[in-house]
Amino acid sequence: MAKDTDKKKSKKLPATVIGVDIGGTGIKGGIVDLEKGVIVGERYRIPTPKPSTPEAVAEVVAQIVAELSSRPEGPAADVPVGVTFPAIIQHGVARSAANVDKSWVNTDVDALFTKVLGRDVHVINDADAAGLAEVRYGAGKGKMGTVLVITLGTGIGSAFIFDGRLVPNAELGHLEIDGHDAETKASAVARERDGIDWDEYAVRLQRYFSHVEFLFSPELFIVGGGISKRSNEYLPSLQLRTPIIPAQLKNHAGIVGGALQAALLLGTKRHTPAGALALTPPDLG
C-alpha cells in the first residue's frame with residue numbers, strides 16, 4: 001500500500017532532456033533518453049571559444065541547444081537543460097575554474113544560462129555528472145553504500161555517491177599525497193608529461209587509490225576519463241580491498257549525467273543542490 005502511495009507522489013520525468021558538456025577544448029550536447037541513459041541521434045559539438053568568457057560560452061551553449069531543440073526528437077521547450085561545467089558548483093555558482101577563463105569564478109552560471117537560453121538550466125560539476133550517470137545507468141547501477149567515480153584526464157575528477165545520493169564537489173584529485181597535489185602525479189596528463197610506461201603509472205595509481213580507500217572505505221571504485229579505454233593496462237596491477245572497474249558510459253557520461261540531474265531537479269526551486277535529490281528513479285515517461 002505504501003509503495004502505491006509513494007508512486008502516486010513521485011514526479012514523472014520527461015522522456016528526453018538535452019544535456020550539454022562544457023570542456024576546455026569543446027562544448028558538446030545531446031538529446032538523452034532518460035529511460036535508457038543513451039544519446040538519441042548524433043551529438044553536436046562546437047569548439048570552446050577563446051577566450052572562454054561567460055558570455056562567449058553561453059552563446060555557444062545556446063547554439064547547441066537551439067540545434068538539438070530543432071530536431072524531431074528534441075524535448076519540449078519547457079523541459080530544463082542540464083549543463084556540466086569544469087568547476088566547483090555551489091547553488092549554481094562557479095567557485096573555481098578549470099580549463100576555462102578565470103572570469104567564471106563567482107559567476108552565477110545557472111542564472112546566466114537560464115537568461116541567455118530563455119528556459120530553465122541546471123548546472124552541475126562535470127565529474128559529478130559523470131558519477132550520476134554511471135551510478136544510474138552504468139558500472140555502478142544498483143550499488144548501495146559509497147561509490148567513488150574517479151575520472152583520469154587533464155586532472156583527477158571525482159564523484160562521491162552514497163546510497164544513490166550525490167555528495168557534490170568532492171575534489172579528491174586535490175588530496176595531498178607525499179607532498180604533492182594528487183592529480184599532478186596520477187592524472188592521465190601527468191603520465192604523458194612524464195613519459196612513464198603503464199607499469200610505472202600503475203604504481204602511482206596504487207598510491208593514490210590506496211590513500212582514497214583508507215580515507216573512505218568505498219564499496220566500489222569506477223574509473224572514467226578517456227584513459228579508461230586502456231584500463232586493462234593498469235587496473236589489473238592494482239591491489240585494493242575495494243573492487244575497481246572501468247566506467248561504461250565513456251565520453252557520453254557528462255551529457256547523460258547533466259541531463260539526468262536537470263530532470264531530477266524539474267519543478268524544484270532554482271539552485272536546489274543536486275545532492276538533495278535521490279537518484280532512485282521516479283516514473284519515467
Side-chain angles (χ1 to χ4, degrees), residues 84-91 95-96 98 124-191 201-228 231 234-250 253-254 256-257 260-261 264 273-280:
T84 80
F85 195 74
I88 294 169
I89 298 293
Q90 187 176 39
H91 305 296
R95 299 302 186 188
S96 64
I124 185 173
N125 169 268
D126 52 358
D128 283 345
L132 285 179
E134 286 293 339
V135 171
R136 174 67 177 268
Y137 303 110
K141 185 176 181 179
K143 192 72 174 179
M144 299 302 286
T146 299
V147 177
L148 296 180
V149 181
I150 306 295
T151 58
L152 303 173
T154 305
I156 296 179
S158 58
F160 191 122
I161 313 288
F162 180 73
D163 283 352
R165 290 182 182 269
L166 173 69
V167 180
N169 300 312
E171 294 285 332
L172 303 184
H174 295 291
L175 290 171
E176 184 176 318
I177 300 177
D178 301 329
H180 300 281
D181 207 38
E183 69 179 18
T184 66
K185 294 293 184 179
S187 67
V189 164
R191 186 189 78 84
Y201 184 55
V203 172
R204 296 189 183 189
L205 290 178
Q206 178 70 53
R207 180 74 183 95
Y208 174 71
F209 280 105
S210 293
H211 186 63
V212 176
E213 181 181 60
F214 174 77
L215 292 176
F216 299 105
S217 298
E219 304 298 325
L220 178 67
F221 281 119
I222 300 173
V223 179
I227 202 171
S228 64
S231 61
Y234 54 89
L235 287 191
S237 301
L238 303 185
Q239 302 297 315
L240 301 165
R241 298 189 313 275
T242 306
I244 183 166
I245 59 177
Q248 292 180 1
L249 298 182
K250 310 299 182 187
V256 172
L260 173 61
Q261 66 92 29
L264 291 173
L277 297 171
L279 195 58
T280 305

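Numbering of residues begins at 1 and proceeds along the displayed sequence.
Closest of all the heavy-atom pairs between A182 and I177 is CB-CD1, 4.0 Å. The two residues S158 and G173 come nearest to each other via the heavy atoms OG-N, 4.4 Å. Here the closest non-hydrogen pair linking L172 and Y208 is O-OH, 3.0 Å. Nearest heavy-atom pair across H211 and E176 is NE2-O, 4.3 Å. Of all heavy-atom pairs spanning A247 and A139, the tightest one is CA-CB, 4.5 Å.
Atoms NE2 and OG1, from H174 and T184 in turn, are 10.0 Å apart once rounded to the nearest 0.5 Å. Of the inter-residue distances, the one linking I222 atom CD1 with I161 atom CD1 reads 8.5 Å to the nearest 0.5 angstrom. The structure places CZ of R191 at 5.5 Å from CD1 of I227, a figure rounded to the nearest 0.5 Å. Residue N125 holds its CG atom at 7.5 Å from OG of S96, rounded to the nearest 0.5 Å.
In this structure a side-chain-to-backbone donor-acceptor pair under 3.5 Å is missing from Q248 to E134. T151 places no side-chain N or O within 3.5 Å of a backbone atom of A127 that could act as its donor or acceptor partner. D163 contributes a side-chain N or O that, together with a main-chain N or O of G145, makes up a donor-acceptor pair within less than 3.5 Å. Side chain of R204 to backbone of K185: a donor-acceptor contact under 3.5 angstrom is found.
In this structure, I156 and S187 have side chains that are in contact, with non-hydrogen atoms separated by less than 4.5 Å. The shortest side-chain heavy-atom distance between Y201 and L152 falls under the 4.5 Å cut-off. Under the 4.5 Å side-chain criterion, counting only non-hydrogen atoms from C-beta, L240 is in contact with S210. A heavy-atom distance below 4.5 Å is found between the side chains of V212 and F221. Between I89 and P168, every side-chain heavy-atom pair lies at or beyond the 4.5 Å cut-off. Considering only heavy atoms from C-beta on, E219 stays 4.5 Å or farther from M144 through its side chain. The shortest side-chain heavy-atom distance between Q261 and T84 does not fall under the 4.5 Å cut-off. Counting heavy atoms from C-beta outward, I124 and L166 have side chains that approach closer than 4.5 Å.
If you run side-chain contact (heavy atoms from CB on, under 4.5 Å) between F209 and each of L148, V223, T242, only V223 comes through.
Other residues, nucleotides and ligands contribute over 12 non-hydrogen atoms within 6.0 Å of the NZ atom of K250.
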